[in-house]
Structure formats: C-alpha cells, structure tokens
Number of protein chains: 2
Amino acid sequence: MHQILVVEDQPDLRAVLRTTLVAAGYRVVEAGTAARALVEARSHKPDLLLVDLGLPDGDGIDLIRAIRGWSVAPILVLSARTRETEKVLALDAGADDYVTKPFGTDELLARVRAALRRAPSDGHHRSRLVFGATVVDLERRQATGPAGEPVHLTPQEYRVLDVLARRPGLIVAQRQLLREAWGPDRVDDARGLRVFVKSLRDKLEPAPAIPRFILTEIGVGYRLASDVVEGTTDTTDS
Amino acid sequence: MHQILVVEDQPDLRAVLRTTLVAAGYRVVEAGTAARALVEARSHKPDLLLVDLGLPDGDGIDLIRAIRGWSVAPILVLSARTRETEKVLALDAGADDYVTKPFGTDELLARVRAALRRAPSDGHHRSRLVFGATVVDLERRQATGPAGEPVHLTPQEYRVLDVLARRPGLIVAQRQLLREAWGPDRVDDARGLRVFVKSLRDKLEPAPAIPRFILTEIGVGYRLASDVVEGTTDTTDS
DNA sequence: CCGTTTCTTAACGGCCCTCTAACGCCCGGG
DNA sequence: CCCGGGCGTTAGAGGGCCGTTAAGAAACGG
C-alpha cells in the first residue's frame, strides 16, 4: 500500500484530497506548510508527494527543490490555471507532473497511478529502453534495430535520451532538459533540442511521423512513454 | 560483511545514507569533511567509499586522488546533476562510478553491489582474444595470424589491448585508457593513442580500414566488440 | 658506440557531429 | 480572416575529432 504526502494549506481542499485518496486505497499524510512538509517527508518517506503551489510560507518551488536533493519520489503539482508559468517553474525544479485546478478526482487518481507505476522501474535502473522492436542499452551505449542491426546514436543524442529516461512516463521540462543535456548556459535556446528530438525519433520510433514513445508536451517539455522501460508491461496511460 | 565509508557534509542526507546502507546489511563509517574522511579511511580501511562532491573543506576530487594513492577500494561519487565536467574529473581522478542526485535507494544499492562485485574480480579478465582468424594470448604475450604465423605486438600495444580487454564490450574512455596504459601524466594527450589503435587494427583486424573488433565511440573512447572474447561459440570458461 | 626497435610528435585530410537559420504546419486568439 | 506562438523538418556551414602517414627522439641490445 502506497503512502502519499499531501501538501496543501486550505483545510477544506486538504480534506477533499484526503478523502479521495484514502477511498482509493492510499495511506495519506498531511502538511499545511512547506516547513512542515519537509519534516513529514523526511520522517515518513512517502512514495509520492502531492504539492499545491502558492503555500503561505515560502515557495512551493523551493520545497520541491529541497526534496529533490535526496529523494526520487514522484512529485505531483497542483496549480491554478492562472499560474501557467509557475507550473513550468515547478517542473523545472524537479516536479514530475501537474494537475490543473479545478480537477476531477478521476484525473487526479489516474495521474497518481501513472506516477507510482514508475517506481518498479527504479530497480531496473532504466538502462534498457525498449522502443517496440528497437532496443537501447544506455549503460553500454549500444542500440539494435528491428532486424538486429546496430543503430548508431551520437553522444548528444545519448545525453538527451539519458535525461528523458531518468523519469520514464513523466514530464521533463524543456529547461531541465537543456540544463542537464547541454549545460546551464543554454537553457533559453530550445532550437537544438527540437533537432535532436527529431533525430532520436527517426532512429528509434517505428513511425517517426506519429510519435509513440517520445512524446511532446506542448508548452512544457517532453516525456518518454512509460512502457519503454523494461518490466513495465502496462495498460494504457492517462 | 562489507564496511562502507560515507563522506557527506549534510547531516540529514548522511543520516538517510546510513539508514539505507545499514538496512542493506553494511557496516557504515561516516565523515563530514574531506580531512576527516582521510583519517577514517586510513584507520578503518573500508571496502568501499561513498563520496559526495562539494564538500566544505577542500575539493572532493582531491580527496579521491589522495585515497587512490594508497588504496584500490572502489569509490562511488555522489553529485548534483548539473555539472557534466565534474563527472569526468571525478572518474579521471580514480572514482569507479557516479551516482547523480536525486537517487533512489534501489539504484544506490545496486551500484554499491556492482562496485563491490567488480573489485575482487579485477584479475579475472580474459587472457585469450579472438579477432576472427587472429588470436592473441594476453597472458603469454603471444599472437598468431590467419595462417598460423606469429604476429608481433610491442609492449605498449599489449598495454592498450590489456585495458580494452578488461572490459570487453564496454566503452573505455580515452582518459581512462591513457591513465591506465600510459600513466596519469598524459591523460590530456590522445595523439599517441590514435597511433597505437591504428597499429593494433593493422595487425589484428581482418580489414583494418573497416574496423570490426576495435571500435571507435566518437567523443568518448574505444571498445572491443564483445565477441572477441573466447566463448562466442561455447560459453565454457574457467 | 652503432643499429634496431619502439615510442613520440607533428601535420594533413576527411568525416562526423553540432549548431543555426529558414520554412511549413497546426492551433488558438484577436 | 489574419496573426503569432510553438513545434517539426530540412539543409547547410563550421568545427572538432579521428585516421593516417612520416619523420625525429628515445630506449634497447649488442
């Protein structure tokens, strides 16, 4: 049974979230402030965090950054639709997914399930990616195509794929992708990123024109389909 | 039971690491500074070191170099992900592996196990390499060509081949090759390496112009094809 | 001390990788 | 209906990396 830490300052909304999650079979821990959330996260080691931006004390962004320093537990962000840029900032700080308010319980639970599904892939160490018939071994830097022929990826292509594979099935913000694959100097220029995504799709996707594994999240970033990681023979995604 | 020295300046993260490692059955010694780490390493003789870069006093890189001066215990480096050059520097200083923050406990433990497993088996590298019709016996320093005639390799050629053969099928970084085949002084000069790769290919490859066994990974290093090791047709081995 | 082998260094040419610019497409807003 | 943002796609320029060759320096052995 998974444990979820809910960080939300409004008591009534917190109650709704708790009821919803408990009814779905999760254990729930609550925190009303960022400071309290840090303490609870460290002591309870939750499997997932649900964080509302716009907390009274300090920024939710800082909370995400702090937790990301020592935990890989997925972080889902709750954000009002009016704060689009904040959503991107949160993802850039290390959040894994977002749910915009107002949201339905079905959508929330679907995203929670999707995020938790990543957990078992942690043990597999994400070194082996399966794009249909094309397989990439990130550790050995080897790739083989449908007919067993070797597929060649360039160093930069491996770097981009590496960052995406770190959070399979979850969103990686463009700035984060740029920072980790290119360096802190070029987080503002996404042109090169688009070119490399294209060439990765050409080499790995069965039908590059209709991406099935390397997916675009418009305005935010990219993500890998969750079933590229070995061991997750899963159902359809949200 | 293995003993691990954890070098980490943040007390809370240190606590997380200790809990994780103790739960997995390791004995743990801790150090908060590089100076302290040197003392503990010398007195406890740990089987493995877990070093966080970015320590308050002195550089983590210097610590690695210092320990490498008198110990062969595997060193795992822990670091934030933003600095790509730091990774190269650490590995070049003698670190064995690199774990980026944030990390999952499963991933950390898997890498610890892998490092400990690799350590004693350092002497198990294959001594017989099969390049198609040309066979090299690394232990006896003898090689025979397609017609059974002897093939002569120079001492330095054997040294390069030795390093590559230690990790068959895996990429060996240029700097690592230079460090292990030439010495730490010449890790910056890859010109000689290219010359020796060329002469090795001339002597061992069936078609030197189209390398099939000694492969180039542009921007990274070289590697041996995994089927040069005896056991392609039969897997029996000592 | 000389000849041979081995290693180092230099120079050049070519290929691959990366970056940049330009254009087209889709979509949502004015 | 036009316009602008964001993404996909293509092509080309530039630079860096590697392969190759050859000649000089160093080590080695008589």
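These numbers were taken from a predicted model, which means no experiment stands behind them. In the text below, chain A, chain B and the rest are named by the order of the sequence lines, each starting its count at 1.
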Assuming nearest nucleotide by heavy-atom distance, tell me which of B/L153 and B/R194 is located more 5' along DNA chain C.
B/L153

From CZ of B/F196 across to P of D/dC18 the rounded distance in Å is 17 Å

Could you walk me through whether A/L49 and A/L76 pass the side chain to side chain contact (heavy atoms under 4.5 Å, CB included) test, one step at a time?
CA-CA 6 Å; A/L49 290 88; A/L76 256 64; over 6 Å; no

The side chain of B/H152 is closest to which nucleotide in this list: C/dT8, C/dC17, C/dT6?
C/dT6

By nearest atom, which of the nucleotides C/dC7, C/dC19, D/dC18 is closest to the B/T216 side chain?
D/dC18

If you check the B/R186 side chain, which of C/dT9, D/dT9, D/dG8 turns out closest?
C/dT9

By the 4.0 Å heavy-atom rule, please label A/V195 as base, sugar-phosphate, or nothing.
base

From the options C/dT18, D/dG6, D/dG8, select the nucleotide whose nearest atom is closest to the side chain of A/I218.
D/dG6

If the test is salt bridge (charged side-chain N to carboxylate O under 4.0 Å, His left out), which one of B/R167, B/R175, B/R186 qualifies with B/E180?
B/R167

Distance check needed: D/dG8 P versus A/Q174 CD, whole Å only.
9 Å

When you get a sec, tell me which of D/dG19, C/dC17, C/dT20 is the closest nucleotide to the side chain of B/Y222?
D/dG19

Any donor-acceptor pair under 3.5 Å linking the side chain of A/E149 with the backbone of A/A147?
yes

Looking only at the side chain of B/W182 (C-beta and beyond, no hydrogens), which of the listed nucleotides C/dT8, D/dG8, C/dC16 gets closest?
C/dT8

